[in-house]
Asker: 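Just passing along the structure, written as structure tokens.
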Amino acid sequence: IWMSERDGYQHLYLYDLKGNLIRQLTKGDYMVQSSAGRLVDLNGGLVGVDEEAGWFYFTSNKKAQQERHLYRSTLSGGDPIPLTRGRGIHIVTFSPGLDRYLESYSDAAAPPSLAVYDAAGRFQGEVSPSAASVLDKYDFTPPEFSTYPTEDGLNIPIMLTKPADFDPEKKYPVVVYVYGGPGSQQVLDQWARWMLWNGILAQEGSVEVVMDVRTGMGVSKALESSEHGRIYGLQNVRDLMDGVNWLKSLPYICLLYTS
């Protein structure tokens, strides 16, 4: 099984051992992508191949751009079958026999839980529950997902964390976090290391913002490669400035800081 972006999206292809293409295994306006790691990797995504049963398993952003889910499909072709449920990021590790898998699941409102499922996605048991209840006493608010428009008409994801007592009639300072590089999606529906930091800052009366740029969105090969060979990534900088200008247009924003 070979991974390629030849049709404009990252997909899987089946070859024989002489290098001849047998068929394209996944196809559509989505990317086969890994769920592993904090910054979900654009590479990877093939998590298991059961030659005897005729199944292969992969993770992708097919359901939503800021999510990763597990699918399976047949090596003979066919539509992918979703196995994971709910929103967020699902990190999957299969057993050696491919008869079950561990799923680490989280979203932007809850830390990870760990559970066991069989190969068809049926729940088998919980290993470790989410520690979401621990957060209740801290009065944290989950981030809100939105998009901001660029000058050339592209909508780019953005994530805002507001104070628990947020009042749209008031003015708030804003802290903006950016990465700004290719292949590093930042706006994800996943419990991340900065959730606690953003929550603490929000408690102090500010709005925390995380934004993406077009080369890091994980949408298509064209966007991913749009700044190839341009070391300063000027279009990414323009995207970030468009995001800042969008924030400045919001009635409850008074000051901006970057980190």
Side-chain angles (χ1 to χ4, degrees), residues 3-12 26-46 58-71 80 82 84 87-91 106-108 142-161 174 176-195 198 208-247 258-259:
M3 180 175 286
S4 172
E5 294 176 312
R6 69 188 61 181
D7 71 349
Y9 301 91
Q10 187 158 273
H11 283 298
L12 300 171
T26 62
K27 189 173 185 179
D29 297 347
Y30 65 91
M31 303 275 268
V32 175
Q33 294 176 335
S34 171
S35 294
R38 163 60 197 99
L39 301 181
V40 175
D41 194 355
L42 283 178
N43 299 314
L46 180 64
F58 66 96
T59 53
S60 82
N61 64 359
K62 187 177 189 298
K63 180 181 177 182
Q65 183 179 332
Q66 70 270 18
E67 301 180 12
R68 298 292 183 272
H69 289 270
L70 175 67
Y71 297 83
T84 49
R87 48 177 269 209
I89 302 293
H90 303 259
I91 301 174
S106 74
D107 58 41
E144 300 175 6
F145 292 92
S146 186
T147 59
Y148 67 87
T150 63
E151 286 188 338
D152 58 351
L154 187 65
N155 289 318
I156 295 184
I158 191 168
M159 185 168 62
L160 301 91
T161 303
V174 175
V176 180
Y177 172 84
V178 299
Y179 176 77
S184 295
Q185 187 176 357
Q186 304 296 305
V187 180
L188 292 164
D189 193 2
Q190 179 184 36
W191 184 261
R193 62 179 179 267
W194 57 50
M195 293 303 182
N198 286 354
E208 279 56 61
V209 172
V210 180
M211 61 176 72
D212 271 327
V213 293
R214 66 187 61 201
T215 61
M217 294 163 57
V219 171
S220 67
K221 173 63 175 174
L223 286 178
E224 178 188 313
S225 302
S226 60
E227 286 292 88
H228 177 69
R230 302 172 186 174
I231 191 168
Y232 296 110
L234 294 182
Q235 184 56 60
N236 284 346
V237 176
R238 295 187 192 101
D239 290 344
L240 295 172
M241 291 307 301
D242 287 337
V244 168
N245 290 331
W246 178 80
L247 288 169
T258 59
S259 62

Asker: Do you know the tightest heavy-atom contact between Ser226 and Thr215?
Answerer: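 Ser226 and Thr215 have their closest heavy atoms at OG-CG2, 3.5 Å.
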Asker: Residues in ring-ring contact (aromatic ring centres under 6.0 Å, His included) with Tyr148, at least two apart?
Answerer: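 Tyr148 satisfies ring-ring contact (aromatic ring centres under 6.0 Å, His included) with no other residue.
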Asker: Hey, does Asp107 have a side-chain heavy atom less than 4.5 Å from the side chain of Trp191?
Answerer: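 Trp191 does not reach Asp107 side chain to side chain.
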Asker: Hey, does Lys62 have a side-chain heavy atom less than 4.5 Å from the side chain of Pro80?
Answerer: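 Answer yes - side chains close enough.
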Asker: Quick one: are Thr59 and Ile91 in side-chain contact, heavy atoms under 4.5 Å?
Answerer: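 No, their side chains stay 4.5 Å or more apart.
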Asker: Between Asp239 and Thr150, does any side-chain donor sit less than 3.5 Å from a side-chain acceptor?
Answerer: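 There is no such pair between these side chains.
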Asker: Would you say Tyr9 and Ser4 make side-chain contact, with heavy atoms under 4.5 Å?
Answerer: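 No; the side chains remain at least 4.5 Å from each other.
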Asker: Take Trp246 and Ile158, measure what side chain to side chain contact (heavy atoms under 4.5 Å, CB included) needs, and give me the verdict at the end.
Answerer: CA-CA 11 Å; Trp246 178 80; Ile158 191 168; 3.8 Å; yes
Asker: Looking only at non-hydrogen atoms, find the nearest pair between Leu160 and Ser146 and report the distance.
Answerer: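 Looking at all heavy atoms of both residues, the shortest contact is CD1-CB, 4.4 Å.
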Asker: Closest approach of Asp212 and Gly216, non-hydrogen atoms and distance?
Answerer: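 Taking every non-hydrogen atom into account, OD1-O, 4.4 Å.
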Asker: For Asp242, enumerate each residue passing the salt bridge (Lys or Arg N to Asp or Glu O under 4.0 Å) test, keeping only those at least two apart in sequence or located in another chain.
Answerer: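 If we apply the salt bridge (Lys or Arg N to Asp or Glu O under 4.0 Å) test to Asp242, skipping adjacent residues, there are no hits.
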Asker: What residues, two or more places apart in sequence or in another chain, satisfy ring-ring contact (aromatic ring centres under 6.0 Å, His included) together with Tyr30?
Answerer: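 With neighbours one apart ignored, the set is His11.
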Asker: For His69, what residues pass the ring-ring contact (aromatic ring centres under 6.0 Å, His included) criterion, not counting sequence neighbours?
Answerer: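 With neighbours one apart ignored, the set is His90.
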Asker: Return the CD to OG distance between Glu5 and Ser220, rounded to the nearest 0.5 Å.
Answerer: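 Reported to 0.5 Å precision, the distance equals 9.0 Å.
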Asker: Nearest 0.5 Å, what's the OH-CG distance between Tyr179 and Leu240?
Answerer: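 One gets 12.5 Å once the value is rounded to the nearest 0.5 Å.
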Asker: Could you tell me which residues satisfy salt bridge (Lys or Arg N to Asp or Glu O under 4.0 Å) with Lys63, sequence neighbours excluded, listed by chain and number?
Answerer: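 Result, salt bridge (Lys or Arg N to Asp or Glu O under 4.0 Å) vs Lys63: none returned.
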Asker: For Lys27, is there any backbone N or O sitting under 3.5 Å from a side-chain donor or acceptor partner on Asp7?
Answerer: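 Judged by distance alone, no pair lies under 3.5 Å.
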Asker: Do side-chain atoms of Arg68 reach the backbone of Gln65 as a donor and acceptor pair under 3.5 angstrom?
Answerer: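 Side chain of Arg68 to backbone of Gln65: a pair is present.
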Asker: Provide the closest heavy-atom pair for Gln190 versus Ser106 in the form atom of the first, atom of the second, distance.
Answerer: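 Closest approach of Gln190 to Ser106: CG-OG, 3.5 Å.
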Asker: Is the side chain of Gln186 donor-acceptor paired with the backbone N or O of Ser184 at a distance under 3.5 Å, no angle test?
Answerer: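 Yes: the side chain of Gln186 pairs with the backbone of Ser184.
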Asker: Do the non-hydrogen side-chain atoms of Phe145 and Pro157 ever get within less than 4.5 Å of each other?
Answerer: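 Heavy-atom side-chain distance check fails, nothing below 4.5 Å.
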Asker: When rounded to the nearest 0.5 angstrom, what distance separates CE in Met31 from OG1 in Thr26?
Answerer: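 One gets 10.5 Å once the value is rounded to the nearest 0.5 Å.
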Asker: For Asp152, enumerate each residue passing the salt bridge (Lys or Arg N to Asp or Glu O under 4.0 Å) test, keeping only those at least two apart in sequence or located in another chain.
Answerer: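 For Asp152, the residues satisfying salt bridge (Lys or Arg N to Asp or Glu O under 4.0 Å) (neighbours in sequence not counted) are Arg214.
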Asker: Could you tell me whether a side-chain N or O of Asp189 sits under 3.5 Å from a main-chain N or O of Ala108, the two making a donor and an acceptor?
Answerer: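 Checked: pair present.
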Asker: Is there side-chain contact between Val210 and Asn198, with at least one heavy-atom pair below 4.5 Å?
Answerer: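 In short, these two side chains touch, coming nearer than 4.5 Å.
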Asker: If you measure from CG on Leu234 to CE on Met241, what distance do you get to the nearest 0.5 Å?
Answerer: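 Atom-to-atom, Leu234:CG and Met241:CE are 13.0 Å apart.
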Asker: Side chains of Pro143 and Met159, heavy atoms from C-beta outward: is any pair under 4.5 Å?
Answerer: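 They are in side-chain contact.
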Asker: Can you list the steps and then say if Met3 with Gln10 is a side chain to side chain contact (heavy atoms under 4.5 Å, CB included)?
Answerer: CA-CA 7 Å; Met3 180 175 286; Gln10 187 158 273; 3.3 Å; yes
Asker: Below 4.5 Å, heavy atoms only, C-beta onward: do Thr147 and Ile156 meet side chain to side chain?
Answerer: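 No, every pair of side-chain atoms sits at 4.5 Å or beyond.
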Asker: Please determine whether side chain to side chain contact (heavy atoms under 4.5 Å, CB included) holds for the pair Phe58 and Leu12, giving the CA-CA distance in whole Å, both sets of side-chain angles, and the decisive distance to 0.1 Å.
Answerer: CA-CA 9 Å; Phe58 66 96; Leu12 300 171; 4.1 Å; yes
Asker: Can you tell me how far apart CD (Glu224) and CD (Gln185) are? Round to the nearest 0.5 Å.
Answerer: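 Glu224 CD to Gln185 CD: 11.5 Å, rounded to 0.5 Å.
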Asker: Measuring from Gln66:CD to Ile89:CD1, what's the distance to the nearest 0.5 Å?
Answerer: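 Result: 8.0 Å between the selected atoms.
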